Student: 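Have a look at the structure that comes next, please.
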Amino acid sequence: MTHNEKLELLKQWEWKTSAYSMVLAVLSYDKMTVAPAAGAEFRDERAAYLSGEVFDLSVDPKIIALLKDLLEDPETDAETKRKCECYYHDAMKIVSVPKEEYVAYSNLNNASYNAWYKARMENDYAPFEPYLKQMIESARKLVSYRHSEKTTYDELLNDYQPGMDIEKFDKFFDDVEKRLVPLIKKVVAAKPVDTSFLTQNYDVDKQRAFMKRLVKYLHYDEDWCYLGETEHPFTVTICANDSRTTTRYIPDNVSSAPLSTIHEVGHAYYGHQVDPKYDGNILGAGMSSGIHESQSRLLENYLGRSLPFWKPIYPVLQELFPEQLGKVTAEQFVDAINASSPSLIRTEADELTYPIHVMIRYKLEKGLFNGTISTEGLDKTWNEMYEKYLGVSAKTANEGILQDVHWADGLFGYFPTYALGSAFSAQFYAKMREQIDVDRLMEEDRFNEITDWLKENVHRYGNRYDAEDVLELATGERFNSEYYFRYLEDKYTKLYHLK
Ligand code: ZN
């Protein structure tokens, strides 16, 4: 086979795979937004069939041989090589797993999700515990087929964040503990910031009206995106020019929907602004979780919680809600959306305490996989850690160990990428401020020039490089968590007038 023939084969295979993936992505968006529940079984069965097709396609021995061949072929250019490496790496994760093992795992996964759901209804950890135990055992078993020298948890961490392992995350979370836990204590002791006006009654239709103005301000354009509504907001990128984002309106919380939308729009821009030649292949969509999260958090926290961001649009919000916000200045509003206070629920946590929620999950996962922590009594271990690091303790399982779906769904090693993403953003943000006048652009309603910077320096690379390489391309430096800690220290020292 000539080199060009090999490339042609690869292209055909990518085409077929991306056709299936596109259908599955649309189905999943549909399922979580508008699809009637009664049709779930019919849809899920067909979707499972399609997933099986994708599985077969990705471990097809002919394709694995082709990928190997292209990787060794001296004519293969660097970009194709990167693609083949990513495909090959993904295939190797599953190729040795016996099919019946895979099916058994996916059945267990469903049962575990259902058990978690039921446990949440009963607000009791006990019925979920045996499933969690089995899920951990299954994860261990599936990883064992990779015949890797690394530990199971190292492998899992690397799945979501290539290049990361226990050693590197230990170092990162040690710093999180050393730098942020004392800072949080000082904030707790300081005079609280007034947030009472955020949680009055805010008519949802008026919130929707504000959202129209907000997405316009973000230059989030209906030509390539759609904003739907759901219970737990998420974003699905179908292709660069088809992004499906969601939001949720809470009647007694005015900042939740805007901030969560800004977050999701950050994800959407990343998918939209990749180099068009990567659209439809693994270089356009296979970015690591950490770097994806860095883009959503950059928009949500670093930009979306700043005064310059709100200057042009806060008057619109005030006009919609004169009773609630008429006397609240933009400065007071922004201080309120940055207020910090230790709480129990991760997804509602503020920017400063958030990484502690993640650190706790990391410590628990690490212990569960190295055998120093058991699933029995894990709800108590959970509470002890919350007490130790945040000074709060869950009174019910739903406020504690049952709050996240991740473990029920077999997503072990995923949580740490949330905190890492925030830390990556700080480094991008520092460089961005050096190169463009971020505050003025926001004040002058020129948000598109900020997303242009992101396109040029981060987004266009897609998955062409690993996260740390993109950090280096954009900022001239490998990952340096110092930017993150200093950002939080500066911000909260000022906000709470700390000494
Ligand atoms: Zn996100």
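The residues of the chain are indexed from 1 along the displayed sequence. Counting convention: from 1, in listed order, for ligands and their atoms alike. Since the structure is predicted, the reported quantities are computational estimates derived from the model, not experimental observations.
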Student: Considering only heavy atoms from C-beta outward, does the side chain of Trp382 approach that of Arg361 to under 4.5 Å?
Tutor: yes
Student: What verdict does the ring-ring contact (aromatic ring centres under 6.0 Å, His included) test give for Phe428 and Trp453, after you've listed the backbone C-alpha separation in whole Å, the side-chain angles of each residue and the deciding distance to 0.1 Å?
Tutor: CA-CA 10 Å; Phe428 287 126; Trp453 187 92; 7.4 Å; no
Student: How many N, O or S atoms of the protein are nearer than 2.8 Å to the Zn ion (ligand 1)?
Tutor: 4
Student: Can you measure from OG (Ser18) to CG (Leu24) and round to the nearest 0.5 angstrom?
Tutor: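 Reported value, rounded in 0.5 Å steps: 11.5 Å.
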Student: So Tyr362 and Phe415, ring-ring contact (aromatic ring centres under 6.0 Å, His included) or not? Walk me through it.
Tutor: CA-CA 7 Å; Tyr362 170 73; Phe415 282 122; over 10 Å; no
Student: Of Glu434, Met442, Gln435, which is the lone residue that meets side chain to side chain contact (heavy atoms under 4.5 Å, CB included) with Val438?
Tutor: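 Single side chain to side chain contact (heavy atoms under 4.5 Å, CB included) partner of Val438 among Glu434, Met442, Gln435: Met442.
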Student: For His406 and Tyr414, take the angle between the two ring planes, folded into 0 to 90°, and tell me which bin it lands in: parallel under 30, tilted 30 to 60, perpendicular over 60.
Tutor: tilted
